[in-house]
Amino acid sequence: MNAGDGAAPAVPLTGTGSGTPAGRAFPLSGTAGSRRRARRTTMAGDRPEAAGAEGEADVGSLDGKTAIVTGAGQGVGRGIALALASEGVSVAVLGRTEAKLEKTCALIRERGARAEPLRCDVSDTGSVPDVVEEVAARLGGIDILVNNAYSGAFGPLLSMSDADFQLGFRSGPFAAFAFMKACHPHLKRRGGGSIVNLVTSAMVRWDTSTYGAYAAAKQAIGSLTRTAAAEWGADGIRVNCIAPHALSPGLKWWTEHNPAEAEEFRRTIPLGYIGDCERDIGRAVAVLVGPDMRYLTGATVPLDGGQARFG
């Protein structure tokens with residue numbers, strides 16, 4: 001669950017981690033060398049698929065592609081990064097907390113994929129073009145962009161400060177717009193690509209009390225997605241949204257400290273459980289950006305176990 005997504009009770013937001021000085025992306029040490037071929041895996045603990053007759057790995061349908069995933073130090077962002085890596089994607093892991101980025105990169109490298117960590121505060125939109133150019137230089141291009149990072153606040157509108165309200169827009173639609181524009185020439189140069197923006201089922205709730213600022217920022221991302229899909233289709237670029245529920249660190253904390261309310265919440269999900277960040281969200285994104293979904297663009301895909309009613 002991207003911080004606060006869906007109809008779950010509001011939990012504390014941590015965005016992508018602790019702060020970083022504005023205006024720069026900071027390369028971190030320990031980046032991988034050339035990527036070795038490896039067996040596909042799904043989520044941690046699952047058995048890998050059998051290797052080929054001569055023991056060579058059965059790499060994924062996205063082998064050789066490159067991706068940027070923002071907010072990839074934990075939760076949904078990490079789950080998406082790991083799922084893409086399992087399909088052979090080289091991943092630029094963006095976020096604000098060095099230790100979390102290095103952990104995600106270590107997990108990616110265990111799967112035989114390349115990982116490049118970059119510290120980045122997405123709300124500093126002026127730094128985004130330089131970040132994207134750094135990623136393209138390191139990875140040789142960009143095929144996939146996932147705008148996952150978000151920092152914001154929940155609460156009644158009258159008790160919310162202008163600064164908190166504006167932060168949700170800076171880290172949400174403003175950041176997504178900046179990354180999409182900066183990535184566009186790279187995606188086009190590669191013959192097309194895929195952008196996935198994260199939104200929320202809070203946008204379609206009948207009662208959006210305490211979710212107003214969050215839902216407003218995510219609605220803006222949804223509109224931005226539809227427009228980019230219409231304008232960039234001729235360049236071979238697909239742009240879609242997902243609206244996930246997943247057991248992110250914040251939601252996991254809430255479920256552990258509020259078991260009765262958590263059980264009541266689970267009962268509102270037809271499939272009966274809160275999604276796993278990699279298996280239920282990351283794997284879906286890997287399919288969404290892959291060749292089998294080449295005719296889907298401008299869509300919002302609910303990944304919430306059937307809880308919300310979109311459309």
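- Each salt bridge (charged side-chain N to carboxylate O under 4.0 Å, His left out) pair with one or both residues in residues 235-251, not counting sequence neighbours, appears once here: Lys188-Asp235.
- Counting only distance, with no hydrogens or angles, the side chain of Thr297 and the backbone of Ala229 share no donor-acceptor pair below 3.5 Å.
- Side chain of His184 to backbone of Met180: no donor-acceptor contact under 3.5 angstrom is found.
- Scored by the side chain to side chain contact (heavy atoms under 4.5 Å, CB included) test, Pro249 finds Gln74 as partners (sequence neighbours excluded).
- Taking Ser159 as the reference, nothing meets the side-chain hydrogen bond (donor to acceptor under 3.5 Å, both in side chains) condition, with sequence neighbours excluded.
- Nearest heavy atoms, Gly141 versus Arg190: CA-NH1, 3.8 Å.
- Residues satisfying the side chain to side chain contact (heavy atoms under 4.5 Å, CB included) test with Ala308, not counting sequence neighbours, are Ser201, Val204, Asp304, Phe310.
- Every residue two or more places apart in sequence or in another chain was checked for a ring pair (Phe, Tyr, Trp, His ring centres under 6.0 Å) with Phe174, and none qualifies.
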Could you give me the CA-CA distance, side-chain angles and deciding distance for His245 and Phe265, then say whether ring pair (Phe, Tyr, Trp, His ring centres under 6.0 Å) is met? CA-CA 11 Å; His245 276 335; Phe265 172 62; 5.6 Å; yes
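- Qualifying side chain to side chain contact (heavy atoms under 4.5 Å, CB included) partners for Glu133, counting only residues two or more places apart in sequence or in other chains: His186.
- Proximity of Val93 to Val69: side-chain heavy atoms (C-beta onward) are nowhere separated by under 4.5 Å.
- With hydrogens and angles ignored, the 3.5 Å screen pairs a side-chain donor or acceptor of Thr104 with a backbone N or O of Lys100.
- For residues 219-234, the pairs satisfying side-chain hydrogen bond (donor to acceptor under 3.5 Å, both in side chains) are Asn197-Thr225, with sequence neighbours left out.
- The side-chain heavy atoms of Met293 and Val287, taken from C-beta on, include a pair separated by under 4.5 Å.
- Here Arg266 pairs with Glu263 under the salt bridge (Lys or Arg N to Asp or Glu O under 4.0 Å) rule; sequence neighbours left out.
- Under the side chain to side chain contact (heavy atoms under 4.5 Å, CB included) criterion, Ala230 pairs with no residue at all, not counting sequence neighbours.
- Partners of Asp162 according to the side-chain hydrogen bond (donor to acceptor under 3.5 Å, both in side chains) rule, which considers only residues two or more places apart in sequence or in another chain, do not exist here.
- Smallest separation of non-hydrogen atoms from Ser171 and Val122: O-CG2, 3.9 Å.
- Applying the side-chain hydrogen bond (donor to acceptor under 3.5 Å, both in side chains) rule to Thr66 yields the partners Asp143; only residues at least two apart in sequence or on another chain are considered.
- Scanning for ring pair (Phe, Tyr, Trp, His ring centres under 6.0 Å) contacts around Phe177 gives an empty result, with sequence neighbours left out.
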